[in-house]
2 protein chains.
Amino acid sequence: MKSQYIPKATIQRLALYVQVLEEFKRDGVEIVSSERLANSCSVNPSQIRKDLAYFGEFGVRGVGYYVNDLIDSVKRSLGIDRVWKAVLVGVGNLGRALLNHNEFKRRGFHIVAAFDCDPFKIGEEVSGLEVMCSKRLREFSQDIEIGIITTPPDRAQRAANHLIDAGIAGILNFAPTRITAPDNVFVEYVDFFHHIYSLAFNITLSQNKESGN
Amino acid sequence: MKSQYIPKATIQRLALYVQVLEEFKRDGVEIVSSERLANSCSVNPSQIRKDLAYFGEFGVRGVGYYVNDLIDSVKRSLGIDRVWKAVLVGVGNLGRALLNHNEFKRRGFHIVAAFDCDPFKIGEEVSGLEVMCSKRLREFSQDIEIGIITTPPDRAQRAANHLIDAGIAGILNFAPTRITAPDNVFVEYVDFFHHIYSLAFNITLSQNKESGN
DNA sequence: CGTTGTGAAGAGCTTCACAGCG
DNA sequence: CGCTGTGAAGCTCTTCACAACG
């Protein structure tokens, strides 16, 4: 198959598969069937086989998938089989928490610099990095691929502009606001309020259903 | 229209509309057309009109939508026109950052208690709340609707079990692992690594496209 | 024999196009 | 006249069902 167009939803699931497969690996599981993996991910087994088929034939008919090999294959498919260099803009509560979060390094995303425009924060050391003025971002042009925005919403676009000037390839935006970027810069939004709103909606709906009887 | 079944994707977009509409309001915009709102949200205008139609007729033909009224209507539709009581389990870096994050209160989600199973953390005060042993969660049964999990992955299921025992209605899970819960408990996952993986994939793909010519 | 890989069918979501209405 | 609300068309993604094959 090895098709060219891959659904966005497939990519999100692949990230989930990696997570679940790494738990299987930790537990000493060596082989999984699409059915077993599907149960752990709450998706349909065919879905998994189709998702994987976009990238190659990773399984063995009559047997299943070798967990270690499949982890490597999926990581390679996603492009996370190497180190990515990132910078963070906005050293507030959330920014600090992320800088101290070892998981980034463990998963191959190395945060190599931290920026903020608050003069009181500049020069401070957070998690081994000296906080620098956002205007110095351009000096890092050669070095960086992903920018992480953790500023307040009203400064997010300015942070994005600095990152774009520095030639960033992708932006992970934690600020609760839309940002605009040229087409060749990918933007992903992380906003847990959208998730909590979704909870509120579903709970409300189920409560109405109960009392509506 | 006021249909009964509402696509999951619609709910996610409604959360986005609220965000963008509140920015319009801040900027003094009083009326928006579906087209203008659509541009700001990067969606199709018909999509917006259809999404809203699931809940009622909020617009004025020939005019558009009154921003203030629409914010209220969408919030009411989502069930976020009232206060929700929440608790947080896992007072690590991320947990602390969330407890200090005023945005929760501002949006009507009041975190009324914080729990952790580490004896060194119990009794500590974080953002005005005394950290309590997770086993005491049941004492809050009457009072809580949403549980926020910010434990390490290996303790997430235990945290979830405590929350479920306490009769929680929904769980927002920040731990990078799946958790199981009965059908009447809604679970939402927040995992920014899925987003960063998605960036890595798209960047890799576009780079391959360039060099592949 | 059992599980993958995949074309075809089905479901669900998005967009179109225009009637309805202020 | 202009913009909303909506049935119908179009499209994408998911699921089924089974051939392929180790």
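Residue numbering restarts at 1 for every chain, and letters A, B, ... go by the order of the sequence lines. Computed from heavy atoms alone, side chains included, the values below leave out hydrogens, waters and symmetry copies.
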(request) Residues of residues 196-204 of chain B with any non-hydrogen atom less than 4.0 angstrom from an atom of DNA chain C: list those, numerically ordered, please. (result) none
(request) Just jot down the salt bridge (Lys or Arg N to Asp or Glu O under 4.0 Å) partners of B:Glu23, sequence neighbours excluded, or say none. (result) none
(request) Specify the separation, in whole Å, of atom OH of A:Tyr66 and atom C1' of C:dT3. (result) 12 Å
(message) What is the distance, to the nearest angstrom, from the NZ atom on B:Lys8 to the P atom on C:dC13?
(response) 11 Å
(message) Using a 4.0 Å cut-off on heavy atoms, which residues in residues 188-195 of chain B reach DNA chain D? List them by number, or say none.
(response) none
(message) A:Arg107: which residues meet the side chain to side chain donor-acceptor pair (under 3.5 Å) condition with it, sequence neighbours left out?
(response) A:Glu103, B:Tyr197
(message) Give me the atom names and distance for the closest heavy-atom approach of A:Gly79 to B:Thr204.
(response) CA-OG1, 3.9 Å
(request) Measure the distance from CZ on B:Phe55 to C1' on D:dT4 and round it to the nearest whole Å. (result) 18 Å
(request) Determine yes or no for a side-chain-to-main-chain donor-acceptor pair under 3.5 angstrom, with A:Thr150 supplying the side chain and A:Val89 the backbone. (result) yes
(request) Do nucleotides 15-22 of chain D as a string where each nucleotide becomes B, S or -: B if the base has a protein heavy atom under 4.0 Å, S if just the sugar-phosphate does, - if no protein is that close. (result) BBB--BBB
(request) Identify, with sequence neighbours excluded, every residue that meets ring pair (Phe, Tyr, Trp, His ring centres under 6.0 Å) alongside B:Tyr65. (result) none
(request) Round to the nearest Å and state the distance from A:Ile48 atom CD1 to C:dT3 atom C1'. (result) 13 Å
(request) State which residues pass salt bridge (Lys or Arg N to Asp or Glu O under 4.0 Å) with B:Glu139; sequence neighbours excluded, sorted by chain then number. (result) B:Arg136
Atom pairs and distances, donor-acceptor, side-chain atoms in residues 14-22 of chain A, under 3.5 Å, two or more places apart:
{"from": "A:Tyr17", "atom 1": "OH", "to": "A:Asp51", "atom 2": "OD2", "distance (Å)": "2.7"}
{"from": "A:Gln19", "atom 1": "NE2", "to": "B:Asp191", "atom 2": "OD2", "distance (Å)": "2.9"}
{"from": "A:Glu22", "atom 1": "OE2", "to": "A:Lys75", "atom 2": "NZ", "distance (Å)": "3.0"}

(request) To the nearest Å, give me how far apart OH (B:Tyr5) and C1' (C:dG12) are. (result) 8 Å
(request) Please work out which residues in residues 21-37 of chain B have a non-hydrogen atom less than 4.0 Å from an atom of DNA chain C and list them by number. (result) none
(request) Figure out the CD1/P separation between A:Ile6 and D:dT12, and round it to whole Å. (result) 15 Å
(request) Look up atom OG1 in B:Thr151 and atom CG in B:Asn173, then write down how far apart they are to the nearest 0.5 Å. (result) 7.0 Å
(request) Sequence neighbours left out, what passes ring pair (Phe, Tyr, Trp, His ring centres under 6.0 Å) with B:Phe104? Give chain and number order. (result) A:Phe192, A:Phe193
(request) Calculate the interatomic distance between A:Arg13 atom CZ and D:dT12 atom P; express it in whole Å. (result) 16 Å
(message) Between P on C:dG2 and OH on A:Tyr65, what's the gap in Å once rounded to a whole number?
(response) 18 Å
(message) Go through it in stages, so that I can follow the logic: the residues are B:Glu57 and B:Arg49, the test is salt bridge (Lys or Arg N to Asp or Glu O under 4.0 Å), and I'd like the CA-CA distance, side-chain angles, deciding distance and then a yes or no.
(response) CA-CA 9 Å; B:Glu57 305 199 357; B:Arg49 298 200 296 275; over 6 Å; no
(message) Taking salt bridge (Lys or Arg N to Asp or Glu O under 4.0 Å) as the definition, give me every residue that meets it alongside B:Arg61, ordered by chain and number, with sequence neighbours left out.
(response) none
(message) If we count only N and O atoms by modelled type, under 3.5 Å, do the side chains of A:Asn39 and A:Glu35 hold a donor and an acceptor together?
(response) no
Would you list the atom pairs, donor with acceptor, under 3.5 Å between side chains in residues 110-118 of chain A and any protein atom, with sequence neighbours excluded?
{"from": "A:Asp116", "atom 1": "OD1", "to": "A:Asp118", "atom 2": "N", "distance (Å)": "2.9"}
{"from": "A:Asp116", "atom 1": "OD2", "to": "A:Val91", "atom 2": "N", "distance (Å)": "2.7"}
{"from": "A:Asp118", "atom 1": "OD1", "to": "A:Phe120", "atom 2": "N", "distance (Å)": "2.8"}

